[in-house]
Amino acid sequence: MDEKIFELSFEIIGYAGNAKGMAFEAIAKAKEGNIEEARTLLKESKEEVNKAHKCQTELIQQEACGKKTNISVVLIHAQDHLMNTMNYQMLADEIIDIHEKFKKLESR
């Protein structure tokens with residue numbers, strides 16, 4: 001496996017893992033009623049995904065320039081991890097919205 005692809009794959013895994021952890025924590029904060037803190041954590045989570053996405057873009061650009069990407073289990077895992085994290089963020093956003101609505105209803 002190309003060393004650069006291996007390095008970028010692990011960067012994607014790391015950033016996506018950080019992002020998913022932050023999104024999970026954001027849901028927990030929303031559940032506690034800390035909506036503002038939840039939204040801040042989710043924003044930070046999305047910033048981490050953007051870092052992972054930059055690594056992914058670098059791989060795409062290399063291939064677009066004619067450098068063949070050797071597919072490996074590590075690269076597949078990285079892509080899977082990133083996609084699942086992005087889906088998890090979308091769900092976290094919805095869950096935070098729901099908790100915010102419940103909080104507003106409770107304060108009536």
Salt bridge R39-E36, side-chain N to carboxylate O under 4.0 Å: no

Same cluster (ILVMFWY, side-chain, under 4.5 Å), L82 and I5: yes

Distance (rounded to the nearest 0.5 Å) between K4 NZ and K67 NZ: 8.5 Å

I95 CD1 to M90 CE distance, which is reported to the nearest 0.5 Å: 12.0 Å

Electrostatic pair K54:E58 at N-O distance under 4.0 angstrom: no

Salt bridge (charged side-chain N to carboxylate O under 4.0 Å, His left out) assessment of E106 paired with K103: CA-CA 5 Å; E106 287 175 348; K103 186 176 180 181; over 6 Å; no

Approximate separation, where rounding is to 0.5 Å, of I35 CD1 and K104 NZ: 9.0 Å

Contact check, side chains of L91 and E94, non-hydrogen atoms, under 4.5 Å: no

Heavy-atom pair of closest approach, residues A19 and Q89: CB-NE2, 4.0 Å

Verify same cluster id: L59, M86 (apolar side-chain graph, 4.5 Å): yes

Nearest heavy atoms of A23 and A92, plus distance in Å: O-CB, 4.1 Å

Atom pair NE2/CG of H77 and N84 - distance to nearest 0.5 Å: 9.5 Å

Side-chain touch I27/Y88, heavy atoms, less than 4.5 angstrom: yes

Distance, nearest 0.5 Å, that separates CG of N87 from CE of M83: 6.5 Å

Contact summary for K46 and D93, nearest pair of heavy atoms: NZ-OD2, 3.8 Å

Spatial distance of atom CD (Q79) from atom CD (Q56) [nearest 0.5 Å]: 4.5 Å

Plane angle bin for F6 and F10 - parallel if under 30°, tilted between 30 and 60°, otherwise perpendicular: perpendicular

Distance-minimising heavy-atom pair for A26 and I96: CB-CD1, 4.0 Å

Where C55 and I12 come nearest, the two heavy atoms and their spacing: CB-CG1, 3.5 Å

Side chains of L42 and M22 in contact at under 4.5 Å (non-hydrogen atoms): no

Path from L8 to I71 over hydrophobic side-chain contacts below 4.5 Å: yes

Criterion side-chain contact (heavy atoms from CB on, under 4.5 Å) against S9, the qualifying member of V73, I76, D2, L75: L75

Heavy-atom pair of closest approach, residues I13 and H81: O-CD2, 3.4 Å

